[in-house]
Amino acid sequence: MTQSVVVQVGQCGNQIGCCFWDLALREHAAVNQKGIYDEAIGSFFRNVDTRVVGDGSSISKGKICSLKARAVLIDMEEGVVNEILQGPLRDVFDSKQLITDISGSGNNWAVGHKVFGSLYREQILEKLRKSAEHCDCLQCFFILHSMGGGTGSGLGTFLLKVLEDEFPEVYRFVTSVYPSSEDDVITSPYNSLLAVKELNEHADCVLPIDNQSLFDIISKIDLVVNSGKLGPIVKPNSLVTSGGTAFKKQHKKPFDAMNNIVANLLLHLTSSARFEGSLNMDLNEISMNLVPFPQLHYLVSSLTPLYTLADVNIPPRRLDLMFSDAFSKDHQLIQADPKHSLYLACALMVRGNVQISDLRRNIERLKPSLQFVSWNQEGWKTSLCSVPPVGHSHSLLALANNTCVKPTFIELRERFMRLYKKKAHLHHYLQVEGMEESCFTEAVSSLSALIEEYDQLDATKSLPVEDVQRLSIAV
Amino acid sequence: MSIVTVQLGQCGNQIGFEVFNALFTDSQSSQGLCSKRENEAYQASCKERFFREEKGVPIARAVLVDMEPKVINHVLSKAAQSGQWKYSQHACFCQKQGSGNNWAYGYSVHGPKHEDSIMNLIQKEVEKCDSLNGFFIIMSIAGGTGSGLGAFLTQHLHDHYSNALKMNQIIWPYGTGEVIVQNYNSILTLSHLYRSSDALLIHENDTIHKICAKLMNIKQISFGDINQVLAHQLGSVFQPTYSVEGSFHYRRNPLGDLMENLVPHPEFKMLGVRNIPQMSENSLPYSTFTWAGLLKHLRQMLISNAKMEEGIDWQVRPPLPGLPPLGKMSQNREQHFNTSLANLVILRGKDVQNANLEGFKDPALYTSWLGPDEAFTVWKTQRAFSRYEKSAALVSNSQFFVKPLDTIVGKAWNMFASNSIKPATCKFSGFSSAAI
């Protein structure tokens, strides 16, 4: 089995990361009753004998001594990381896997990318190499960050280039939180645009997420939970937003619920690689199947169900509802409507007590309402994992490579141009060494090229499917 | 003579387990409807073909190969749990990172890299056979390991064991898509296998799914159910059958006999299986059949290309006699009529000697260059299979797969012509359009 390393950068990245590790421990605790360190738990955690002084030698088999997350925590100000290290997860993190500074990046991509990038390059490289050495077979780096700030956006994308150079064989999956339209950081359009260029060039696969969508999902859940309209009660701990702490009406920290959704996304993505099932899907298959052209590697994701009612038997209708919901625009993790746009490819990763017949039935049911690109009419990638998530009996993660990401990019470009035309706040960037106006113009053209590619695909949407003439055999 | 099974990838290993289970369970069954001596001869033959013994426990003659460990571990433990038979721990080969549904990765990277280790394991298993009949390779064509590594291995078995026969059991993916690059992987595999394999026994996921739904009445069909139906079909073909001498003497060269009868020409090696009757365990005790009824349905299934005994199109008829022999330009040929190159019917059970197979000897069913005398064979065995009082299996070299093949070639070509997904595949092999 393979291992993955999570690199969490900036405040957003680290907060999401914190929720992720919390949920990962919960999930493995629920599955691994005997406390034996096995390959599944090894994909995200090391088993360390803390009695041994020094690095903490890894034990590969036997009882679990002390689990250390395969993670690197990076932040240019200390507050967030310190909070993590004083919280309940302090023992999960290896104190040597941190990189912090004091002053922060000031919401400035250039500071994060150019200044801190060059300053910390060696350290970053060393920590990454260390974590890679601890892995038997490293398959993937998961990078968690936001696009709107300075550290996550700037240093996070600087990292991508480093990873590409140092570990070319290892996949780079990036979970990016895009700024919503009511974002509070004024320079977020600049930061996001500059980051998008890096993601275009150096990431294998990007899972864009935005806060507005997460917030909408939470509001929907709260509505159901609080209204009590439905007869049966919602099962505790079955919310997609539940965290490690017991189910409480108010979450401890404001972004916890939203971060838990993202954490769940990552767990579901890797579930079929970690646990057994009748149709496995590894991480390398995601990239292979869902990325038809190297530039178009943005996957819109949706998680269902959002909660489980206290029914014990799941009638097929509820299962079918889960599939239908995965395609509705309310369940997507960015503001997008995949049903009315063109699909390049779609993956359905099912967990729990769902069988192949349920999956096929729903694909056949939903197929007519979805538009697939002409050369990939049956563009489905499916996987079945037997282990359900904690508190649920089954769940579905849908990943779509769909042209519905285009509006997000177009809006990003518009917000950028509004600021850029006035050259507002530009001097903060240009005064950083290594930053020039050409960085901006290149970034804009990179984004425009991406939008253009999606446009071209959309143009084929309504055209009739034409069969290309085949090669004939020379007689 | 013994058959060594090579189980490749997730699909191959999951199916392989069900096949061995079905074979073993049937051989131990006490409802063989025959004498004790007959049953013992049957059991001994089945055992010799598929199992060997180690410390009194039957061990499957199999090599398990996968590029990631989960499935093999699961299958090993399931077999051990049965308490009846098991796999040899040493006959397994795993890696850590799968093939990522990438045919090129399976063929060009994993193949050469692990060739020695895998061939070693196969060699060890072959050495434990008194005499080797051949290889039975189980793989899917949609994924990465089964398809790519399968194509590579078959080629190598062709080179190293030139006297042994190779039959590849391939699984055709769902038409509505289970892997996005399945069309690429499928045609690459088929084009390679066609050169190195001796026969391709094909099963389609769609077909078996329908059988589970309609005939077996399973509500929530799992892959376990699908694999069990498949195993039943394979068992009805591969379990021992009488040789020319009849009672107590079972065929010693199953693969050779199958291929001799079914693959008259090396350009035509795609074989399909039809089975009748097929029903759920619960319905078994309440059903009785006559050979006439079963064979009538089976014949119609053959000529109308029906996948199972329900929903057969009885309108399809062979072309009228007295007209020019069947050629490609025959205008009088009925639409959808399935012409056969060669057919083999295997009958098992009660009163098998009385079964009348004249319907299958009609020249109209066959081509002009191979008449029914050479093209049609029947094997009758008294010992019943898997508690079915009477069962008939048809292995057919006919036009069953023309349409599905055409479909996937068309889709693969469409995808290729739009230049998609090539980069990942091209990264691993010097790949050209000529391959397609």
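Nothing here was measured: the structure is a model prediction, and the numbers come from that model. Letters A, B, ... are given to chains in the order of the sequence lines, protein chains preceding strands, and every chain is numbered from 1.
Within a 6.0 Å sphere centred on NZ of B:K214, heavy atoms belonging to other residues, nucleotides or ligands number 12 at most. Heavy-atom contacts from other residues, nucleotides or ligands closer than 6.0 Å to NZ of B:K269 number more than 12.
In this structure, CD1 in B:I226 is found 9.0 Å from OG in A:S278, a value given to the nearest 0.5 Å. Distance check, rounded to the nearest 0.5 Å: OG of B:S140 to CG of A:L279 gives 9.5 Å. The CH2 atom of A:W375 lies 14.5 Å from the NZ atom of B:K411; values are rounded to the nearest 0.5 Å. Taken to the nearest 0.5 Å, the CE atom of A:M288 stands 11.5 Å off from the CH2 atom of B:W103. One finds the CG atom of A:N284 at 8.5 Å from the CG atom of B:N102 (value rounded to the nearest 0.5 Å). Atom CD1 of B:I408 is separated from atom CD of A:E378 by 12.0 Å, given to the nearest 0.5 angstrom.
Using a 4.5 Å cut-off between heavy atoms, A:S272 contacts chain B through its backbone alone, with no side-chain atom that close. Proximity to chain A (any heavy atom under 4.5 Å) is shown, for B:E178, by both the backbone and the side chain. If you measure heavy-atom distances from A:L138 to chain B, the contacts under 4.5 Å come from the backbone alone. Using a 4.5 Å cut-off between heavy atoms, A:R360 contacts chain B through its side chain alone, with no backbone atom that close.
Ranked by heavy-atom pairs under 4.5 Å with chain A, the first of B:N183, B:D406, B:N227 is B:D406. Annotation: maximal heavy-atom pairing with chain A below 4.5 Å, among B:H74, B:Q95, B:E68, occurs at B:H74. Contact count versus chain B (heavy atoms, under 4.5 Å) is highest, among A:T2, A:T382, A:L290, A:N280, for A:N280. Comparing A:V373, A:D136, A:I356, A:L348 by heavy-atom pairs within less than 4.5 Å of chain B, the highest count is held by A:I356.
The minimum heavy-atom distance between A:C137 and B:Q97, with the atom names listed, is SG-OE1, 3.4 Å. The heavy-atom pair separating A:N289 from B:V179 by the smallest distance is OD1-CG1, 3.3 Å.
Residues A:I363 and B:Y174 have side chains not in contact (no heavy-atom distance under 4.5 Å, counting atoms from C-beta outward).
Judged as a salt bridge (Lys or Arg N to Asp or Glu O under 4.0 Å), the pairs with a partner in residues 281-294 of chain A (not counting sequence neighbours) are, in order, A:E285-A:K381.
The main-chain N or O of B:V71 is never found under 3.5 Å from a side-chain atom of A:E276 such that the two would form a donor-acceptor pair.
Heavy-atom proximity under 4.5 angstrom to chain A picks out B:K219, B:Q220, B:I221, B:S222, B:F223 from residues 217-224 of chain B.
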TODO: Determine, step by step, whether A:M1 and B:K70 satisfy the side-chain contact (heavy atoms from CB on, under 4.5 Å) criterion, reporting the C-alpha distance in whole Å, the side-chain angles of both residues, the deciding distance to 0.1 Å, and the verdict.
DONE: CA-CA 8 Å; A:M1 195 168 305; B:K70 293 196 297 285; 3.6 Å; yes
